[in-house]
*Asks:* 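Quick one: structure below, then a few questions.
Numbering of ligands and ligand atoms starts at 1, following listing order. Residues: numbered from 1 along the sequence shown.
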Amino acid sequence: MRSITVSAPGKLMLLGEHSVVYNRPCIVTAVGQRMFVTVEKTKDEFFELNAPDVNVRDYRRPISETGNGEIEKGAKFAELAVANFINKFPIAGGLKMKTKSEFSSQFGFGSSSASTVCVIKALSELFNKGLSDKQIFDLAYKTVLDIQGKGSGFDVAAAVFGGTLYFWTGGKIIKPLSIKHLPLIVGYSGVKADTVTLINQVKEKADKYPQVIEGIYDQIQILVDEGKKALLKKDWESLGEIMNFNQGYLASLGVSTKKLADIIYAARENGAYGAKLSGAGGGDCMICLAPEEKIKSVKKAIEDAGGKVIEIKANEEGVRVE
Ligand code: MEV
């Protein structure tokens, strides 16, 4: 039977995490490491999944039951994506699916969102639905919200559209920023962070100190807009400084960690223009920008401070059929 393979990129948040959950903008870039999903139509009415990167092997359940009851953890995003698709576009027969990732689900590169986007794009192609990128975004974002309950959707947008995006909560604005390259250096803190837990922690602070936290979000919004200008001018020095400001606000929201701070300071002290955590915080990755001649010493400083440098290409292509 006909099969199709689709891939989507991972993402890194440049500016605006957390505040983007609350009706504000952020800037996100798609990274070269990709998620791949292969989908095949089958005659029997089952949904079958192999996703060895998240320890799912020979997972199988009746297609009519997808999305209901207990779902194995690693299968959730793929299965809910299938359920949401067939709810809108009923299909005959079953589906056999396998996923493969070029990046670890530990990094916070958005593997769940990328696989959700791949599943919806693959089903749209396989069943000739011709969904537009925005329709894929909407269905994939709904899937992520069905599972997590929270999130801005920026990671879904990066997986669908690729490139570097100015993104507003829920996809109210998704504007590609026309840049050719972005010389980001990325350091992994070695700790896996849980986005929903961190969003909830910040929410608790916002409930206790609403004016303080709203004020911080407003300042981050200004930084996102300033950062956008610097990015479009390739003014890496200013963008680095803006990253430093953003990191300060993220630390005051309580989502930075000593490990992240150590790596960030090491990068700054060894010549980076600026450095910040990227994503929910609590672990995952930091990002920085540095002048060409300092890149080597910054990378060494990140490793010496206990981080792991991850080589990435930023501003990469969005979801595509392979
Ligand atoms: C997580 O990578 C970034 C957050 O802003 C959550 C989101 O935007 O969905 C904390």
Side-chain angles (χ1 to χ4, degrees), residues 8-31 33 35 76-77 103-117 137-138 140-161 164-175 184 186-189 191-206 213-214 216-221 223-224 227 243 246-257 260 276-287 310 312 314:
K11 56 77 190 165
L12 278 168
M13 178 73 96
L14 298 185
L15 296 166
E17 46 275 269
H18 287 288
S19 45
V20 68
V21 179
Y22 302 99
N23 200 27
R24 286 177 176 84
C26 74
I27 300 176
V28 57
T29 193
V31 300
Q33 282 89 338
M35 172 68 73
K76 269 190 187 161
F77 288 87
F103 57 92
S104 160
S105 61
Q106 307 290 308
F107 293 167
F109 278 10
S111 52
S112 307
S113 299
S115 55
T116 306
V117 165
F137 170 83
D138 288 339
Y141 182 42
K142 175 187 170 0
T143 305
V144 170
L145 285 184
D146 285 346
I147 296 165
Q148 292 188 349
K150 293 189 168 112
S152 66
F154 82 104
D155 40 4
V156 178
V160 175
F161 296 91
T164 300
L165 304 171
Y166 180 82
F167 175 89
W168 199 286
T169 321
K172 246 177 276 168
I173 302 175
I174 304 176
K175 190 177 178 322
L184 270 191
V186 181
Y188 176 53
S189 70
V191 179
K192 165 91 187 118
D194 180 54
T195 300
V196 175
T197 306
L198 283 140
I199 292 179
N200 287 338
Q201 281 172 12
V202 174
K203 171 87 174 46
E204 272 176 37
K205 285 210 168 65
I213 303 296
E214 280 296 309
I216 290 173
Y217 291 162
D218 288 344
Q219 292 303 311
I220 294 177
Q221 175 169 353
L223 291 175
V224 170
M243 284 180 170
N246 196 168
Q247 170 62 20
Y249 288 121
L250 289 165
S252 60
L253 292 178
V255 298
S256 191
T257 63
L260 280 166
K276 67 181 278 289
L277 67 83
S278 172
D284 289 347
C285 290
M286 55 73 74
I287 53 173
I310 302 171
I312 60 123

*Asks:* Can you tell me how the ring of Tyr141 sits relative to the ring of Phe137, calling it parallel under 30°, perpendicular over 60° and tilted otherwise?
*Replies:*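 The rings of Tyr141 and Phe137 lie parallel, inter-plane angle below 30°.
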
*Asks:* Distance under 4.0 Å to a non-hydrogen atom of Ala280: what atoms of ligand 1 satisfy this?
*Replies:*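 In order of number, 1 (C), 2 (O), 10 (C).
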
*Asks:* How long is the span from the CZ atom in Phe109 to the CG atom in Asp155, to the nearest 0.5 Å?
*Replies:*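 Atom-to-atom, Phe109:CZ and Asp155:CG are 13.0 Å apart.
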
*Asks:* Which atoms of ligand 1 sit under 4.0 Å from any heavy atom of Val20?
*Replies:* 5 (O), 8 (O)

*Asks:* Rounded at 0.5 Å granularity, tell me how far NZ in Lys11 sits from CD1 in Ile312.
*Replies:* 12.0 Å

*Asks:* Is the shortest side-chain N to carboxylate O distance from Lys142 to Asp146 below 4.0 Å?
*Replies:*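 Yes.
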
*Asks:* Within ligand 1, which atoms have a heavy atom of Gly279 less than 4.0 Å away?
*Replies:*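 Atoms satisfying the 4.0 Å criterion: 1 (C), 2 (O).
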
*Asks:* Relative to the heavy atoms of Lys11, which atoms of ligand 1 are at a distance of less than 4.0 Å?
*Replies:*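 Result: 2 (O).
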
*Asks:* Starting from the C-alpha separation in whole Å, work towards a yes-or-no answer on side-chain contact (heavy atoms from CB on, under 4.5 Å) for Glu17 and Val255.
*Replies:* CA-CA 10 Å; Glu17 46 275 269; Val255 298; over 6 Å; no

*Asks:* For Ser152 and ligand 1, does the shortest N/O to N/O distance drop below 3.5 Å?
*Replies:*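 Yes, at least one N or O pair falls under 3.5 Å.
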
*Asks:* What is the distance from atom NE2 of His18 to atom CG of Leu277, rounded to the nearest 0.5 Å?
*Replies:* 7.5 Å

*Asks:* Find all atoms of ligand 1 within a distance of less than 4.0 Å from any non-hydrogen atom belonging to Gly151, and give their numbers and elements.
*Replies:*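 Matching atoms, with element in brackets: 9 (O).
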
*Asks:* One pair to check against side chain to side chain donor-acceptor pair (under 3.5 Å): Gln221 and Ser19. What are the steps and the verdict?
*Replies:* CA-CA 7 Å; Gln221 175 169 353; Ser19 45; over 6 Å; no

*Asks:* Counting heavy atoms only, name the option from Tyr22, Phe109, Phe154, Tyr141 that's nearest to atom 3 (C) of ligand 1.
*Replies:*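 Nearest option to atom 3 (C) of ligand 1, by heavy atoms: Phe154.
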
*Asks:* Which ligand 1 atoms are under 4.0 Å away from a heavy-atom of Val21?
*Replies:* 5 (O), 6 (C), 7 (C), 8 (O)

*Asks:* Could you check which of Gln148, His18, Lys150, Arg24 puts a non-hydrogen atom nearest to atom 4 (C) of ligand 1?
*Replies:*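 Minimum heavy-atom distance to atom 4 (C) of ligand 1 goes to His18.
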
